[in-house]
Amino acid sequence: MTLRTRFAPSPTGFLHVGGARTALFCYLEARHSGGTFVLRIEDTDRERSTEASVQAILDGMQWLGLDWDEGPIYQTQRFDRYAEVIEEMLADGRAYHCYCSRERLDKLREDAMAAGLKPRYDGHCRDLKEAPEGIAPVVRFRNPDEGEVSFDDRVRGTISISNAELDDLVIARPDGTPTYNFTVVVDDMDMNISDVIRGDDHINNTPRQINIYRALGAEPPRFAHVPMILGDDGARLSKRHGAVGVMQYRDDGYLPEALLNYLVRLGWSHGDQEVFSLAEMVELFRIDDVNRKASAFNTSKLDWLNEHYMKSLPPERVAQELAWHFKDQGINAAEGPALEDLVAVQADRVSTLKQMAEQSRVFYQPLEQFDADAAKKHLRPVAQAPLQALAERLDGLEDWQPEALDGAIRSLAEEMELGMGKIAQPLRVALTGTAVSPSIDKTLWLVGKEQSLQRIGMALAFIAERIAENPA
RNA sequence: GCUCCCUUCGUCUAGCGGUCAGGACGCCGCCCUCUCAAGGCGGAAACACGAGUUCGAUUCUCGUAGGGAGCGCCA
C-alpha cells in the first residue's frame with residue numbers, strides 16, 4: 001500500500017509557521033517514498049471559517065512551494081457522507097442521541113472538578129427508553145468502557161490510555177453538523193490516509209479517534225505527533241512575536257528556501273548538516289527522526305539562512321523574489337541596473353530582500369541630497385582635487401565594469417600618493433549620499449556612468465560652495 | 001484537580017554505557033579591508049535535581065522539580 005499523508009488546516013486564520021512545518025513534514029514524508037500528499041480544509045465550524053483564510057493558507061503553501069497531489073477537499077462538501085455514517089452508527093447503537101441540557105453538562109463538569117476528578121460525560125442518555133419531547137438532541141459516540149487504547153506514535157513512541165479516562169464524545173450537533181473528532185476519522189478513512197502527521201496538541205484526541213476507527217471497522221493509520229513551535233522567548237507563539245504568518249515572512253524579505261530550511265531543522269537534524277535543499281530534504285527526512293520536545297523559533301538563525309541563500313542561490317532566482325519587494329516599495333527596477341547584477345553585489349551585505357530593496361534605492365532613483373553628517377565628514381576641500389581628477393578619468397573610461405573602474409581608482413590613488421580611503425570615501429558620499437555602500441568599484445558600476453559623473457559634479461559643487469562660505 | 005507528554009551551551013541540535021560532551025546561530029577577540037558587510041582564525045558557553053542498575057552513566061529504571069498539552073455541541 002502506498003504512503004498517503006494529509007495536511008488538514010482549519011481556515012480560521014493565515015498559515016502560521018507551526019502549520020507550515022507540519023505541512024512540510026507531511027509533504028516530505030510523502031515525497032520521500034513516492035506517496036501522495038493530500039490537502040484537506042477542515043471547515044466544519046462555519047462560524048469561524050472564512051474564505052479569506054482558505055486563500056491565505058493556499059497562498060502560503062504555494063509561496064513555500066509545497067504542492068499537493070489531491071485536494072483541496074472541503075469538509076463542508078462531505079456532510080452527506082458524515083450524515084450517512086452517523087445514521088449507520090445510530091441504527092445499531094454505536095452512537096446514540098443525547099438530550100442532556102448544557103446546564104446539566106456544566107454541573108457535571110463542575111462537580112467532577114470539585115471532586116478532583118477528570119470531567120467526563122456520565123452516559124445519562126445511553127439507554128433512554130423514550131425521547132423527551134421538544135429537544136433537539138446531539139449524537140454521542142458510545143466509547144468502550146473497558147480496556148485501554150495503545151498506539152505507536154512515530155515520534156513519541158508508545159502511548160497508552162485507559163478507556164475509563166475517555167467518555168462518550170459528541171459527534172454531531174443538534175442541527176446535524178458533525179464535529180471534528182468524528183470528521184477526521186471518516187475523512188482519513190475514506191481518503192486512505194496511511195500516516196497522520198499533525199501537531200502534538202492532538203495527542204489526547206488520538207485514543208478516542210482510534211476507538212471510532214474500530215467502531216467503523218477500519219484499521220487506524222499510523223500517527224506522528226510533532227511538537228509545537230515556541231516564540232523566541234520560549235513562550236507560546238502569538239501575534240506579539242511579530243511575524244507568525246508565513247506570508248509575513250515573505251513581506252519581511254525572507255526567501256521561501258530559507259524559511260523551509262529553517263523549519264525543517266526545527267526538531268529534526270541529519271548529523272551536523274545545516275543547509276538542505278528541498279531535494280535533500282526529500283531524500284533525507286524521515287518523520288521518525290523528529291524530536292519530541294517543543295522548540296523555540298530563533299529569528300537570527302533564520303536570518304543567517306536567508307543570507308546564505310541570497311548569496312548562494314542563482315542571482316536570477318533571488319531577483320525573482322526581489323522584484324516583488326521593488327514593487328512593494330515603489331521602486332522601478334527598469335530605471336537602474338539589472339536585478340541579477342544588483343543581487344550579486346548586495347547579497348552579502350544585507351539580511352533580507354526587504355533591506356536589499358531599501359538599500360538599493362539610490363541605484364534606481366535620482367540622488368536628492370547628501371546626508372549631512374557624511375557630507376560634512378567626507379566632502380571637504382581636500383577631496384576637491386581627487387574628485388576632480390577622477391571625474392576626468394572616468395569620463396574617458398569606455399569599459400564601465402568593476403575591474404576597469406577599480407583599476408582607474410587605484411592608479412589615480414597611486415599617482416596622487418593618496419590612500420584608497422581618501423578617494424573612495426568622498427566618492428562614496430558623492431555617489432550614494434552616504435558613507436556606506438558596496439565596494440567603490442561596484443558602486444560606480446551600479447550607479448552607471450552618466451549618473452556617476454553627474455553626482456560627482458554635484459559633490460564638487462557642494463565642496464566649492466563650502467569653500468566659498470568658509471574661505472581659508 | 002485529573003490524564004497524557006517533555007527536559008544537553010542563551011537558541012537549534014549531535015550523542016544511542018567508557019567522548020577533552022561535537023556542530024550551527026548568536027555573542028566576544030584577532031586577521032583581512034575603500035565604508036558597511038561578507039570571509040578566515042580563535043574563544044567563552046550545556047547534560048534540571050535526587051536515588052538506583054552497572055566496574056562505569058548525558059545515555060537504562062524510578063522519583064522530585066520545572067514546563068507543555070488536553071479534559072467543548074473549536075479544530
Side-chain angles (χ1 to χ4, degrees), chain A residues 8-12 42-45 47-49 75 98 100 102 105-106 109 112-121 136-140 153 156-157 159-162 164-167 169-175 177-181 183-184 198-207 225 227-228 230 232-234 236 262 265-275 291-305 307 311 346-351 359 374 378 406 409-410 413 419-429 432 434-441 443:
Chain A
S10 56
T12 54
E42 311 221 318
D43 54 354
T44 51
D45 181 357
E47 297 285 298
R48 299 198 302 151
S49 301
Q75 289 191 320
C98 169
C100 292
R102 300 256 194 181
L105 263 18
D106 288 344
R109 181 157 40 239
M113 295 279 266
L117 296 172
K118 182 173 177 170
R120 292 174 72 246
Y121 176 63
V138 298
V139 177
R140 285 186 187 272
D153 192 281
R156 306 310 258 262
I159 296 175
S160 313
I161 187 167
S162 166
E165 296 294 333
L166 274 20
D167 65 357
L169 76 163
V170 172
I171 58 176
R173 306 179 179 95
D175 67 358
T177 57
T179 61
Y180 168 75
N181 278 300
T183 57
V184 244
R198 70 212 327 185
D200 67 3
D201 46 332
H202 289 289
I203 285 187
N204 292 287
N205 289 327
T206 306
H225 288 96
M228 61 187 288
L230 274 17
D232 294 66
D233 54 4
R236 188 171 186 161
Y262 179 73
R265 278 286 288 103
L266 219 46
W268 176 80
S269 63
H270 183 258
D272 287 340
Q273 190 170 346
E274 294 289 348
V275 175
N291 277 171
R292 296 139 113 94
K293 83 166 187 203
S295 35
F297 195 94
N298 184 203
T299 306
S300 63
K301 185 150 186 181
L302 204 214
D303 285 344
W304 175 74
L305 279 165
E307 289 160 18
K311 287 184 286 193
Q346 298 274 242
D348 57 11
R349 310 176 50 74
V350 293
S351 291
Q359 295 180 25
H378 298 291
D406 183 63
I409 298 173
R410 281 187 193 282
M420 273 295 277
K422 291 279 190 285
I423 296 185
Q425 277 310 84
L427 179 55
R428 176 166 281 116
V429 177
T432 67
T434 72
V436 176
S437 86
S439 65
I440 203 64
D441 53 332
T443 300

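These figures come from a predicted structure and were not determined experimentally. Numbers restart at 1 for each chain; the letters A, B, ... are given by sequence-line order, proteins then strands.
Separating the CD atom of A:Q359 from the C1' atom of B:A38 is a distance of 14 Å, rounded to the nearest angstrom. At whole-Å resolution of the value, CE in A:M113 and P in B:C2 are 11 Å apart. To the nearest angstrom, C1' of B:G72 lies 16 Å from CZ of A:R120. Rounded to a whole Å, the CZ atom of A:R428 is 11 Å from the C1' atom of B:U33. Straight-line distance from the CG atom of A:D201 to the P atom of B:A69: 9 Å, rounded to whole Å.
Residues satisfying the side chain to side chain contact (heavy atoms under 4.5 Å, CB included) criterion with A:R265, sequence neighbours excluded, are A:N261, A:S269, A:E274, A:F276, A:K301. In terms of the salt bridge (charged side-chain N to carboxylate O under 4.0 Å, His left out) criterion, residue partners of A:D406 (sequence neighbours excluded) are, by chain and number, A:R410. Evaluation of the salt bridge (charged side-chain N to carboxylate O under 4.0 Å, His left out) rule for A:E42 yields A:R40 as partners, not counting sequence neighbours. The side chain to side chain contact (heavy atoms under 4.5 Å, CB included) search around A:T432 returns A:V362, A:R428, A:T434, A:S437, A:T443, not counting sequence neighbours. Under the rule for a side chain to side chain contact (heavy atoms under 4.5 Å, CB included), the partners of A:D167 that lie at least two apart in sequence or sit in another chain are A:R120, A:Y121, A:R208. With sequence neighbours excluded, no residue forms a side chain to side chain donor-acceptor pair (under 3.5 Å) with A:S10. Listed by chain and residue number, A:D200 satisfy the salt bridge (charged side-chain N to carboxylate O under 4.0 Å, His left out) test with A:R156 (two or more places apart in sequence, or in another chain). Residues forming a side chain to side chain contact (heavy atoms under 4.5 Å, CB included) with A:V350 (at least two apart in sequence, or on another chain): A:M310, A:Q355, A:M356, A:Q359. Partners of A:D348 by salt bridge (charged side-chain N to carboxylate O under 4.0 Å, His left out), not counting sequence neighbours: none found.
The pairing partner recorded for B:A48 is B:U64, the criterion being a Watson-Crick or G-U wobble arrangement whose two distances lie under 3.5 angstrom. Across all strands shown, B:U33 forms no Watson-Crick or G-U wobble pair with both distances under 3.5 Å. Within the shown strands, B:C71 is the pairing partner of B:G1 under the Watson-Crick or G-U definition, both distances less than 3.5 Å. The partner of B:G42 is B:C28, judged by Watson-Crick or G-U wobble contacts that both fall below 3.5 Å.
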Nucleotide N/O of nucleotides 5-8 of chain B paired with protein N/O under 3.5 Å:
unit_1	atom_1	unit_2	atom_2	d
B:C5	O2'	A:R156	NH2	2.4
B:C6	OP1	A:R292	NE	3.0
B:C6	OP1	A:R292	NH2	3.3
B:U8	OP2	A:K293	NZ	2.4

Within the sub-3.5 Å range, which N or O atoms of nucleotides 19-29 of chain B have a protein N or O partner, and how far apart are they?
unit_1	atom_1	unit_2	atom_2	d
B:G22	N2	A:D272	OD1	3.3
B:G23	N2	A:R265	NH2	3.4
B:G23	N2	A:E274	OE2	3.0
B:A24	O4'	A:E274	OE2	3.3
B:C25	OP1	A:W304	NE1	3.4
B:C25	O2'	A:S300	O	3.3
B:C25	O2'	A:K301	N	3.2

Which protein N or O atoms sit under 3.5 Å from an N or O of nucleotides 41-47 of chain B?
none

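Across all strands shown, A:S295 has heavy atoms under 4.0 Å from sugar-phosphate atoms exclusively, and none from any base. Using a 4.0 Å heavy-atom criterion, one finds that A:L266 contacts the sugar-phosphate atoms exclusively. As judged by a 4.0 angstrom heavy-atom cut-off over every strand, A:T44 is placed among residues touching the sugar-phosphate backbone only. As judged by a 4.0 angstrom heavy-atom cut-off over every strand, A:D175 is placed among residues making no nucleic acid contact. Contact annotation for A:V170: backbone-only contact, meaning every heavy-atom pair under 4.0 Å involves sugar-phosphate atoms and none involves a base. Within 4.0 Å of A:G267, counting heavy atoms only, lie sugar-phosphate atoms of the nucleic acid but no base atom. Using a 4.0 Å heavy-atom distance criterion, A:A296 is classed as a sugar-phosphate-only contact. Within the nucleic acid shown, A:L117 comes within 4.0 Å of at least one base atom, counting heavy atoms only. Across all strands shown, A:P227 has no heavy atoms under 4.0 Å from either base or sugar-phosphate atoms. Using a 4.0 Å heavy-atom cutoff across all strands shown, A:H225 reaches no nucleic acid atom at all.
The A:D45 side chain lies nearest to B:A75 when the options are B:C73, B:A75, B:U35. Nearest to the side chain of A:Y180, among B:A75, B:C36, B:G1, sits B:A75. Listed candidates were B:C34, B:C71, B:U35. Nearest to the side chain of A:R410 is B:C34. Counting only heavy atoms from C-beta on, A:N204 has its side chain closest to B:C4 among B:G1, B:C4, B:U35. Distances were taken from every side-chain heavy atom of A:D348 (C-beta onward) to each of B:C34, B:A37, B:G72; the shortest belongs to B:A37. Picking from B:G39, B:C73, B:G72 the nucleotide with the shortest atom distance to the side chain of A:K311 gives B:G39. In the set B:U35, B:G72, B:U3, the nucleotide with an atom closest to the side chain of A:R349 is B:U35. In this structure, of B:C34, B:A14, B:A75, it is B:A14 that holds the atom nearest to the side chain of A:S269.
At least one side-chain heavy atom of A:M228 sits less than 4.5 Å from a side-chain heavy atom of A:L230.
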